[in-house]
Number of protein chains: 2
Amino acid sequence: MEIEERSTAARIRDAAIECFGTEGIAGTTARKVAALSGVSPGSVINHFGSMDGLRQACDRHVLAVTRDRKQQAMAAGPNFDILDAIRAAGNPHLLGYLAAVLTDDAPAVAELVDAMVADAEIYLAQGVDSGMLKATADPHGRAVILVLWNLGLLVMHHHLNRLLGADLTNPDFGTSPEIANYLTPIMELYGDGVFTADFIQNARAAMATLAERPNLRDSNETRGTPI
Amino acid sequence: MEIEERSTAARIRDAAIECFGTEGIAGTTARKVAALSGVSPGSVINHFGSMDGLRQACDRHVLAVTRDRKQQAMAAGPNFDILDAIRAAGNPHLLGYLAAVLTDDAPAVAELVDAMVADAEIYLAQGVDSGMLKATADPHGRAVILVLWNLGLLVMHHHLNRLLGADLTNPDFGTSPEIANYLTPIMELYGDGVFTADFIQNARAAMATLAERPNLRDSNETRGTPI
DNA sequence: AGCTGGGTTGAACGTCTGTTCAAGCGAATG
DNA sequence: CATTCGCTTGAACAGACGTTCAACCCAGCT
């Protein structure tokens with residue numbers, strides 16, 4: 001289903017994206033979306049069949065917009081901000097919507113995340129080639145972790161904002177002064193890591209031991225995931 | 001309000017934690033909790049006043065359990081797994097509940113996250129002292145990012161499981177073989193970072209320039225947050 | 001044995017939900 | 001001007017929800 005921009009359906013869809021983002025998925029009702037887009041509740045259902053259909057249309061739209069912007073960004077050279085394409089799309093509510101839907105496992109959301117990871121793998125490989133990034137033993141695993149770390153921060157923007165005073169859902173975040181609170185520790189972690197070389201060596205030895213002698217798994221030295 | 005363990009109220013509360021985790025916050029109804037705990041819907045409300053009261057009781061319980069376990073873990077020495085205390089509490093549904101509530105900004109959840117960050121700051125400082133961790137210019141910022149990165153992965157465990165085959169909500173995750181898929185890239189990132197020394201130097205120079213000449217903020221070399 | 005009182009129940013109430021549908025509207029067409 | 005047709009409406013529906021409350025049960029006290 002293709003939605004003509006500037007049509008009533010597009011207005012309803014955009015209002016739904018805003019509503020899903022601000023009121024949450026469950027807090028969004030047909031009547032709220034209707035009021036926000038200036039139509040009747042019946043019209044909302046008439047255009048999208050059901051509230052679930054509306055939700056899926058929103059997912060598809062975010063996916064399409066992201067793909068669209070991503071192509072432009074790709075042509076302009078590697079970009080390391082996975083959210084930049086969405087931020088650049090113009091609609092200030094897309095990030096809020098994404099933060100709201102990223103937690104449940106709707107198919108279109110999974111597709112979007114998978115696409116982000118696939119793109120990140122490409123960008124990261126390019127970064128390695130150009131000497132910007134270190135090489136890795138597990139390019140896929142690294143891409144997954146890096147993408148999910150960043151999407152995770154977006155999902156918990158409430159906590160990030162409270163603790164660091166940085167609001168990722170703010171459309172002007174990229175040019176706000178608060179970005180330093182967020183960027184400084186991240187750049188440090190991305191640049192140097194946290195663990196010292198000594199500790200890493202010990203931990204790798206412990207993991208090798210664990211691999212060949214699994215019965216040691218409950219020993220104190222290997223318990224727990226780091227941090 | 002203190003809930004005596006093994007009481008009916010405790011059974012209802014535990015059923016609610018399970019239900020909130022599996023069905024989501026909005027998908028949890030008084031009747032479902034009643035059925036799961038083997039009481040009547042009226043009794044659920046009678047014990048907790050309202051569904052919101054039940055939700056708050058769950059939050060308080062998770063906070064109390066975490067604090068309890070954390071003290072024991074603290075006495076046993078520094079522990080770098082922020083979820084370990086919860087995992088060790090025995091209730092296999094606590095992590096699922098946490099993953100469900102971490103996105104909305106309920107006061108008790110904020111308190112729990114703040115406590116985790118405060119603990120992390122202590123552990124990280126101890127790690128620096130013992131030579132396990134590198135020093136940082138911003139201990140608070142680093143603690144926030146590290147905690148939120150990990151909680152973010154928990155929140156998006158669906159995606160992590162699909163992409164890496166590692167389920168953080170599995171109580172036996174710490175001893176499962178799939179933990180390597182998750183631990184390998186994370187250990188690499190924590191150990192070495194991603195950026196090369198060259199790139200970091202350039203980026204720091206760019207940030208310094210940006211600090212003293214803010215009108216350059218939209219220049220291409222400084223656009224976007226990394227990754 | 002008789003009484004008391006907290007715990008428990010299940011039916012009932014009002015509200016809000018998604019969804020349906022007959023009626024109405026206005027622009028385009030003949 | 002008359003007709004048609006697609007979009008829009010708002011009233012109406014059934015279902016699910018949180019919550020209330022009179023009745024009931026039963027352990028523990030007098």
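Protein chains get the first letters and strands the later ones, always in sequence-line order, with residue 1 at the start of each. A quick note: this is a predicted structure, and the numbers were derived from the prediction, not measured.
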Excluding sequence neighbours, so at least two apart, what forms side chain to side chain donor-acceptor pair (under 3.5 Å) with [X]?
| X | answer |
| --- | --- |
| A/Thr136 | B/Glu188 |
| A/Thr169 | A/Asp167 |
| B/Asp172 | none |

Problem set entry | Residues which pass salt bridge (charged side-chain N to carboxylate O under 4.0 Å, His left out) with A/Asp138, listed by chain and number, not counting sequence neighbours |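 By the salt bridge (charged side-chain N to carboxylate O under 4.0 Å, His left out) rule, A/Asp138 matches no residue at all.
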May I have all residue pairs that pass salt bridge (charged side-chain N to carboxylate O under 4.0 Å, His left out) and include part of [range], sequence neighbours excluded?
| range | result |
| --- | --- |
| residues 16-40 of chain B | B/Glu23-B/Lys32 |
| residues 92-112 of chain A | A/Arg55-A/Asp104, A/Arg67-A/Glu111 |
| residues 146-155 of chain B | none |

For this session: List the protein contact pattern of nucleotides 16-23 of chain D with one symbol per nucleotide (5' to 3'): B for base contact, S for sugar-phosphate-only contact, - for none; contact means a heavy-atom distance under 4.0 Å.
Result: -BBBB---
Exercise. So, is A/Ser43 near the phosphate of D/dC7, with a side-chain N or O under 4.0 Å from OP1 or OP2?
Worked result: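 No, because none of the side-chain N or O atoms of A/Ser43 sits under 4.0 Å from OP1 or OP2 of D/dC7.
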For this session: Provide the closest heavy-atom pair for A/Val33 versus A/Cys19 in the form atom of the first, atom of the second, distance.
Result: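 Residues A/Val33 and A/Cys19, closest heavy atoms: CG2-CB, 4.2 Å.
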Problem set entry | Start and end of chain B contact along DNA chain C [non-hydrogen atoms, under 4.0 Å] |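 The contacted stretch runs from C/dT8 to C/dA12.
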